[in-house]
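I'd like to ask some things about the structure below.
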Amino acid sequence: MTNDNGKHFIRHNLCLWIMYKKKKSDVPNDITIKRLQDEIDRLPTIRSSGCRFRYETIRFSEDDAEVDSLLLPLAMFEDLMKDKYGYGVQNTNALEEIKKGEYKSKPNDSERIKLFAWLQSNSLSSLLQTNNNK
């Protein structure tokens, strides 16, 4: 999702699905915000410090549905996914393989692990630049 200033955002539903395997997220509320804020507070960088979430009702014209969403800035989402101490990354053999540069995706690996591994040498913003150049 892109705002009028060209800034990119990720819906909280995607973030929670990747982090916690929770497909049906609650309507954004204080608990959802607290959970995400706690994850952000643990990050080793201060880049996302002081960032605020955006709360919007998004309308999908193709099926005429409206969804309440909490939006995270793309950079914040990427920082969360790159955090090796984040939920779903620790205590896996994959983390050691990723550190050694020997990781090969396995069917049972979570989306969180796969994205974490990919982000070690890539960025989400590079995908947007590639799409914009087409």
Side-chain angles (χ1 to χ4, degrees):
M1 168 163 279
T2 307
N3 71 2
D4 295 338
N5 298 327
K7 299 289 183 190
H8 299 282
F9 293 87
I10 301 293
R11 289 180 54 210
H12 78 287
N13 307 65
L14 176 64
C15 186
L16 295 177
W17 177 71
I18 291 173
M19 292 173 70
Y20 304 111
K21 288 252 187 219
K22 186 176 179 183
K23 285 188 179 180
K24 185 176 184 305
S25 177
D26 301 326
V27 173
N29 57 29
D30 291 341
I31 295 169
T32 306
I33 293 169
K34 174 80 169 108
R35 179 184 296 160
L36 288 169
Q37 192 61 54
D38 288 347
E39 293 286 341
I40 291 161
D41 288 345
R42 287 188 312 92
L43 292 173
T45 176
I46 62 167
R47 178 166 67 167
S48 295
S49 179
C51 283
R52 293 186 318 178
F53 304 113
R54 291 180 60 161
Y55 182 79
E56 292 186 8
T57 300
I58 299 171
R59 185 169 186 272
F60 295 95
S61 57
E62 59 273 4
D63 54 6
D64 199 30
E66 287 187 356
V67 179
D68 291 331
S69 286
L70 190 65
L71 303 175
L72 289 78
L74 182 66
M76 180 189 293
F77 173 75
E78 187 166 323
D79 286 346
L80 284 170
M81 295 301 110
K82 286 170 72 172
D83 180 23
K84 69 180 179 183
Y85 299 109
Y87 182 85
V89 176
Q90 286 296 329
N91 303 322
T92 65
N93 294 333
L95 183 58
E96 198 58 40
E97 293 173 7
I98 293 166
K99 286 180 186 176
K100 293 178 182 177
E102 301 170 353
Y103 174 74
K104 300 284 187 235
S105 178
K106 298 164 200 66
N108 291 340
D109 287 346
S110 69
E111 287 74 13
R112 175 82 166 91
I113 289 291
K114 293 173 185 175
L115 184 55
F116 174 83
W118 185 81
L119 286 171
Q120 299 311 299
S121 56
N122 299 287
S123 76
L124 295 173
S125 59
S126 68
L127 290 176
L128 295 170
Q129 292 168 354
T130 301
N131 270 350
N132 290 338
N133 292 336
K134 289 185 178 181

(request) Identify, with sequence neighbours excluded, every residue that meets salt bridge (charged side-chain N to carboxylate O under 4.0 Å, His left out) alongside Asp38. (result)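 With neighbours one apart ignored, the set is Lys34.
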
### Query
For the residue pair Leu80 and Arg112, what are the closest heavy atoms and their distance?
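Scanning both residues completely, I find the closest heavy atoms to be O-NH2, 3.1 Å.
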
request  = Kindly give the heavy-atom pair with the smallest separation between Ala117 and Ile98, and that separation in Å.
outcome  =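 Where Ala117 meets Ile98 most closely, the heavy atoms are CB-CD1, 3.7 Å.
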
Let me confirm one number: the OG-CG distance from Ser125 to Asn122, rounded to the nearest 0.5 Å.
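Those atoms lie 10.0 Å apart.
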
message: Just verifying a value: how many Å separate Leu71 CG and His12 NE2, rounded to the nearest 0.5 Å?
response: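 Separation between the atoms: 9.0 Å.
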
**Asked** Lys100: what forms a salt bridge (charged side-chain N to carboxylate O under 4.0 Å, His left out) with it, not counting sequence neighbours?
**Response**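 Lys100 satisfies salt bridge (charged side-chain N to carboxylate O under 4.0 Å, His left out) with no other residue.
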
Partners meeting salt bridge (charged side-chain N to carboxylate O under 4.0 Å, His left out) with Asp41 (sequence neighbours left out):
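Checked Asp41 against salt bridge (charged side-chain N to carboxylate O under 4.0 Å, His left out); zero matches.
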
Checklist entry - Picking from Arg42, Glu78, Met19, what satisfies side chain to side chain contact (heavy atoms under 4.5 Å, CB included) with Asp83? => result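 It is Arg42, the one option of Arg42, Glu78, Met19 that forms the side chain to side chain contact (heavy atoms under 4.5 Å, CB included) with Asp83.
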
Exercise for the section: Please test Gln37 against Ile40 for side-chain contact (heavy atoms from CB on, under 4.5 Å), starting from the C-alpha separation and ending with a verdict. Expected result: CA-CA 5 Å; Gln37 192 61 54; Ile40 291 161; 4.2 Å; yes

Would you indicate whether the side-chain heavy atoms of Trp118 and Leu124 approach each other to under 4.5 Å?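 A side-chain contact exists here, since the closest heavy-atom pair is under 4.5 Å.
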
Practice problem: Check the pair Lys114 / Tyr103 against side-chain contact (heavy atoms from CB on, under 4.5 Å), numbers first and verdict last. | Solution: CA-CA 9 Å; Lys114 293 173 185 175; Tyr103 174 74; 3.7 Å; yes

Work out which heavy atom in Met81 is nearest to a heavy atom in Phe116; give both atom names and the distance.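 So the minimum-distance heavy-atom pair works out to O-CD1, 3.3 Å.
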
request  = Please tell me if the side chains of Ser69 and Tyr55 come closer than 4.5 Å, counting only heavy atoms from C-beta onward.
outcome  =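 No, too far: nothing below the 4.5 Å cut-off.
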
query = For Leu36 and Leu72, which heavy atoms make the closest approach, and how far apart are they?
reply =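 Scanning both residues completely, I find the closest heavy atoms to be CD1-CD1, 4.1 Å.
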
Q. Stepwise, does the side-chain contact (heavy atoms from CB on, under 4.5 Å) test hold for Val67 with Arg11?
A. CA-CA 10 Å; Val67 179; Arg11 289 180 54 210; 3.2 Å; yes

Check your understanding: Any idea which heavy atoms bring Leu119 and Ser123 closest together, and the distance?
Key ->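 Scanning both residues, the minimum pair turns out to be CD2-CA, 4.1 Å.
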
Considering residues at least two apart in sequence or located in another chain, which fulfil the side chain to side chain donor-acceptor pair (under 3.5 Å) criterion with Asp64?
->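 Side chain to side chain donor-acceptor pair (under 3.5 Å) check on Asp64 returns Arg59.
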
Residues which pass salt bridge (charged side-chain N to carboxylate O under 4.0 Å, His left out) with Lys106, listed by chain and number, not counting sequence neighbours: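 Glu97.
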
Check side-chain contact (heavy atoms from CB on, under 4.5 Å) between Thr57 and all other residues, then give those that pass, not counting sequence neighbours.
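By the side-chain contact (heavy atoms from CB on, under 4.5 Å) rule, Thr57 matches Glu66, Asp68.
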
Practice task
State, to 0.1 Å, how close Ile18 and Leu115 come at their nearest heavy-atom pair, and which atoms those are.
Solution key: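 Looking at all heavy atoms of both residues, the closest pair is CD1-CD2, 4.0 Å.
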
